[in-house]
Structures are given as C-alpha cells and as structure tokens.
Amino acid sequence: QVMLFGKISRQFCGLKKLPRSRDSRYFWGWLNAVFNKVDHERIRDVGPDRAASEWLLRCGAVVRYHGQERWQKDYNHLPTGPLDKYKIQAIDATDSCIMSIGFDHMEGLKHVEKIRLCKCHYIEDDCLKRLSQLENLQKSMLEMEIISCGNITDKGIIALHHLRNLKYLFLSDLPGVKEKEKIVQAFKTSLPSLELKLDLK
C-alpha cells in the first residue's frame with residue numbers, strides 16, 4: 001500500500017501545474033500537505049535517511065546517496081537492506097511540492113552536502129530558516145542552489161548564513177529578493193569563504 005501511494009503521489013505532484021481555480025488550489029494544497037506530513041514513528045522505525053527519502057520522492061524530489069553517482073528517482077525502487085547503509089548526500093527538489101511542515105524529516109540527516117530548490121512553489125522563508133537551524137545541516141551542507149522560488153525573500157536567504165560550512169550558493173530568478181547588496185555584504189561578513197553567485201534582477 002505504501003509503495004502504491006508513493007507512485008500515485010508522484011503522479012499528483014506532476015499534475016500540479018494544471019490551471020487552478022480557487023477550489024482546485026485548496027485541493028492541491030490539502031493533498032500536498034498530506035504528502036509532507038511527518039510520521040515520527042516511521043522515522044524511528046526505518047531511520048531518518050530512509051524516511052526522508054520517502055518524503056522527498058513522494059513530493060516529486062530526487063535524492064543521491066553517499067558513494068553513488070545515480071539519482072534515486074523512483075519511490076517504488078528505493079533501496080532495501082541495512083537501514084544505515086544509504087545516507088542522503090544530495091537533494092534535488094526541482095518542481096517538487098515539499099513544504100515547511102515536511103522539513104522535520106531533515107532533522108536526523110547527517111550527510112547532506114548539496115540541496116537544489118528550483119521552482120518549488122511551497123518553499124517560503126520559514127523553510128530556509130528551519131533548514132539553517134538544523135545542527136546536522138549546519139555541519140554538513142556545502143552547496144545550495146535556489147532558483148525560481150517566488151515566495152523566498154531577503155529574510156529567508158540571509159538566514160542561510162547559519163550553514164557555517166557552506167562553500168557555494170547560487171541564487172537565480174527570485175523576485176521576492178530585493179536587496180542584493182545587503183545580501184552580498186551579509187555573507188561576506190558571516191561566511192567570507194563562500195562563493196556567492198547571483199543571477200537576480
């Protein structure tokens with residue numbers, strides 16, 4: 001049942017670009033909230049990396065595990081075996097429906113080095129703040145890309161300075177980000193070794 005749900009949910013995520021009336025927006029919002037719901041019992045049972053993988057793929061994102069080159073895209077073919085064997089190293093959330101209520105899934109991840117958020121309609125400043133406050137990610141995160149996420153503002157971007165080991169940050173097509181110079185100065189002060197690339201208007 002769980003596997004079938006994963007397959008169906010990915011199909012729903014793929015359909016979210018259909019024209020929306022107010023009623024259909026409410027429906028998609030409700031459905032995506034269901035996909036993002038955190039099951040703490042599941043995290044305890046299968047471990048943080050497996051539970052986070054299920055969440056991310058359920059929402060249309062993909063993951064890459066430590067020591068592997070290929071991206072894991074299919075919910076129904078998530079690897080089985082020892083729970084501590086597959087550690088998430090990279091997350092590509094392009095076109096996914098991840099949202100803030102799902103970010104508790106990331107709390108136990110200790111090996112994530114790269115996250116790409118592209119065309120994520122539900123990503124807001126609170127998501128970036130939550131992400132930047134996770135102690136494990138503060139240690140492990142090296143690269144981040146945030147592209148075409150319309151609900152992100154300067155406040156969310158500046159919160160990322162808590163990711164103290166961040167080496168590369170790429171920001172593109174973020175209409176909510178208004179004060180580029182302020183952001184540049186904030187990161188120069190807090191993360192002097194950071195390579196910051198901006199493609200903003």
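Heavy atoms from other residues, nucleotides or ligands lying under 6.0 Å from NZ of Lys167 number more than 12.
Leu200 and Ile147 fall into different hydrophobic clusters, where Ile, Leu, Val, Met, Phe, Trp and Tyr are joined by side-chain heavy atoms under 4.5 Å apart, directly or via other members. Linking Ile, Leu, Val, Met, Phe, Trp and Tyr residues whenever their side-chain heavy atoms come within less than 4.5 Å places Leu78 and Ile88 in a single cluster.
Closest non-hydrogen pair, Gln89 versus Gly67, comes out as OE1-N, 4.1 Å. Considering every non-hydrogen atom in both Leu109 and Leu137, the closest pair reads O-CD2, 4.3 Å. In terms of heavy atoms, His162 sits closest to Gln138 at O-CG, 3.4 Å. In plain terms, the two heavy atoms of Asn151 and Asp125 that are nearest each other are O-OD1, 4.0 Å.
Here the side chain of Ser140 pairs a donor or acceptor atom with the backbone of Val112 at under 3.5 angstrom. Remark: side-chain polar atoms of Ser132 are paired, donor with acceptor, to backbone N or O of Ala159 under 3.5 angstrom. Under the 3.5 Å distance criterion, the side-chain polar atoms of Asn165 are left unmatched by any main-chain donor or acceptor of Met141. Panel note: side chain Lys155, backbone Ile152; no donor-acceptor pair is recorded below 3.5 Å. No donor-acceptor pair closer than 3.5 Å links the side chain of Asp92 to the backbone N or O of Val62. A donor-acceptor contact shorter than 3.5 Å links the side chain of Gln72 to the backbone of His77. Without hydrogens or angle criteria, Asn136 side chain to His111 main chain gives no donor-acceptor distance under 3.5 Å. Side-chain atoms of Arg58 come within 3.5 Å of backbone atoms of Phe35 as a donor-acceptor pair (strictly under, hydrogens ignored). At least one donor-acceptor pair closer than 3.5 Å links the side chain of Arg50 to the backbone N or O of Pro79.
Using a 4.5 Å heavy-atom cutoff, the side chains of Ile98 and Asn36 are in contact. Counting heavy atoms from C-beta on, the side chains of Gln68 and Tyr86 come closer than 4.5 Å. Using a 4.5 Å heavy-atom threshold, the side chains of Glu107 and Val38 count as separate. Contact check for Ile91 versus Met106: side-chain heavy atoms found under the 4.5 Å cut-off. Annotation: side chain of Leu163 is in contact with side chain of Leu131 (closest heavy-atom distance under 4.5 Å). Looking at heavy atoms from C-beta onward, Arg164 lies in side-chain contact with Lys139 at the 4.5 angstrom threshold.
Relative ring orientation between Phe103 and Trp55 is described as perpendicular, the plane-to-plane angle rising above 60° on a 0-90° scale split at 30° and 60°.
Under a 4.0 Å N-O distance rule, the pair Asp104/Arg130 qualifies as a salt bridge.
Taking CD1 of Ile146 as the reference point, atom OG of Ser172 lies at 11.0 Å (rounded to 0.5 Å).
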